[in-house]
Amino acid sequence: MGFVKGVLDLVLPATCAGCDAAGSACCPDCFAVLARPEPVVRGPTGMSPVYALARYAGPARRLVLAYKERGRRDVAGRLGAALAAALPYLPSARADATGRWWLVPVPSRRAASRVRGGPHLLRLARACAAELAAAGHAAAVAPALRLGRGVRDAVGLDREQRAANLAGRIRLDSRGLPPPATPVVLLDDVITTGATATACTRVLHEGGFPVTAVLTLTNAC
């Protein structure tokens, strides 16, 4: 496998998804753009602090779009590393009583997952957990949420429309729940109006899982 990868790298050398520089899926300069987590001032969930690694613009936007919409799965590791680097230092975020971080990815529509080769946020959460573990922090991914039928693509919808689109359609998934009362961190890629984060946070809180922080790659608010 290593030999095959080496040959492919020679034939199709990696380029940065953020700036097209040769050498890696995400070059150091573009990775640095994701190294300054800041609170989302509007606090759109109204229930848990929200943090974003960058504005949804420039290299950060291109990285997210390349990963999410253009098949650049090789970017997942670097995006996960950026989330993992920020997470332990967020003021409100906390691990469970044993020191384990529990990561809950925002769920994806089935149609979108099919196009993207699987739930892209679940893949991102697993990359984040792997990076946390490599840094000595116990971590686990809890795919605790699922979308019910009837959820539309949210592109072009305003906050009220997005909220109505999700109303009653985000549910706990018993197959992916962490232990009862476990504090969790909700992970997303782009926060636009905050409607999705609000709905997910509410369902988790009502299920007995306190969301200590929402961490997203980018902020488009």
Side-chain angles (χ1 to χ4, degrees), residues 34 37-40 42-53 76-77 79-110 112-113 118-148 151 162-163 166-191 193-219:
L34 299 171
E38 295 184 353
V40 176
R42 290 172 60 185
T45 67
M47 303 175 77
S48 302
V50 182
Y51 304 90
L53 300 188
L79 296 180
L83 292 168
L87 182 55
Y89 304 101
L90 300 181
S92 66
R94 72 176 190 272
D96 68 11
T98 71
R100 183 179 302 276
W101 291 94
W102 287 87
L103 312 177
V104 176
V106 167
S108 300
R109 293 184 308 120
R110 290 183 181 180
S113 293
H120 73 289
L121 285 167
L122 177 58
R123 189 186 305 120
L124 196 64
R126 287 170 174 163
C128 178
E131 291 289 339
L132 285 168
H137 303 285
V141 177
L145 299 171
R146 62 183 175 87
L147 293 178
V151 177
R162 287 175 183 240
L166 295 170
R169 296 187 176 101
I170 296 181
R171 300 161 189 168
L172 293 179
D173 188 336
S174 60
R175 299 168 297 178
L177 295 178
T182 297
V184 302
V185 174
L186 184 70
L187 296 184
D188 204 351
D189 53 4
V190 184
I191 192 159
T193 67
T196 300
T198 298
C200 290
T201 299
R202 180 180 297 115
V203 169
L204 287 164
H205 273 294
E206 291 175 351
F209 302 99
V211 179
T212 63
V214 177
L215 179 57
T216 178
L217 289 170
T218 56
N219 171 21

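Position 1 is the first residue of the sequence, and the numbers go up from there. Only heavy atoms go into these numbers, but all of them, side chains included; no hydrogens, no water, no symmetry mates.
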**Asked** Can you name the residues that form a side-chain hydrogen bond (donor to acceptor under 3.5 Å, both in side chains) with Asp96, not counting sequence neighbours?
**Response** Thr98, Trp102
**Request:** For residues Arg123 and His120, determine if any side-chain heavy atom of one lies less than 4.5 Å from a side-chain heavy atom of the other.
**Result:** yes
**Request:** Could you tell me whether the side chain of Cys200 reaches within less than 4.5 Å of the side chain of Pro107, counting heavy atoms only?
**Result:** yes
**Message:** Restricting to side-chain contact (heavy atoms from CB on, under 4.5 Å), what partner residues turn up for Ser174, sequence neighbours left out?
**Reply:** none
**Request:** State which residue, out of Thr201, Leu215, Val50, fulfils the side-chain contact (heavy atoms from CB on, under 4.5 Å) condition with Leu186.
**Result:** Thr201
**Sole candidate of Val104, Leu122, Leu121 that passes side-chain contact (heavy atoms from CB on, under 4.5 Å) when paired with Pro143** = Leu122
Report, one line per pair, each donor and acceptor closer than 3.5 Å where one atom sits in a side chain of residues 83-94; sequence neighbours left out.
{"unit_1": "Ser92", "atom_1": "OG", "unit_2": "Tyr51", "atom_2": "OH", "d": "3.4"}
{"unit_1": "Ser92", "atom_1": "OG", "unit_2": "Thr212", "atom_2": "O", "d": "2.7"}

**Asked** With sequence neighbours left out, what residues match Thr216 under side-chain contact (heavy atoms from CB on, under 4.5 Å)?
**Response** Ala52, Asp188, Ile191
**Fill in**
For Ala140 and Arg100 the tightest heavy-atom approach is CB-CD, 3.9 Å
**Prompt:** Just by modelled atom types, is the Phe209 backbone N or O under 3.5 Å from a matching donor or acceptor in the Thr182 side chain?
**Reply:** no
**Request:** For Pro105 and Ala142, work out which heavy atoms get closest and say how close.
**Result:** CD-O, 3.6 Å
**Request:** Identify, with sequence neighbours excluded, every residue that meets side-chain contact (heavy atoms from CB on, under 4.5 Å) alongside Val203.
**Result:** Leu145, Ile170, Leu172
**Item:** Considering all heavy atoms, the nearest Ala127-Ala76 contact
**Value:** CB-O, 3.6 Å
**Message:** Please give me the minimum heavy-atom distance between Ser48 and Val214, naming the atom from each residue.
**Reply:** CB-CG2, 4.4 Å
**Asked** Does Ala95 have any side-chain contact (heavy atoms from CB on, under 4.5 Å) partners at least two apart in sequence or in another chain, and if so, which?
**Response** Trp101
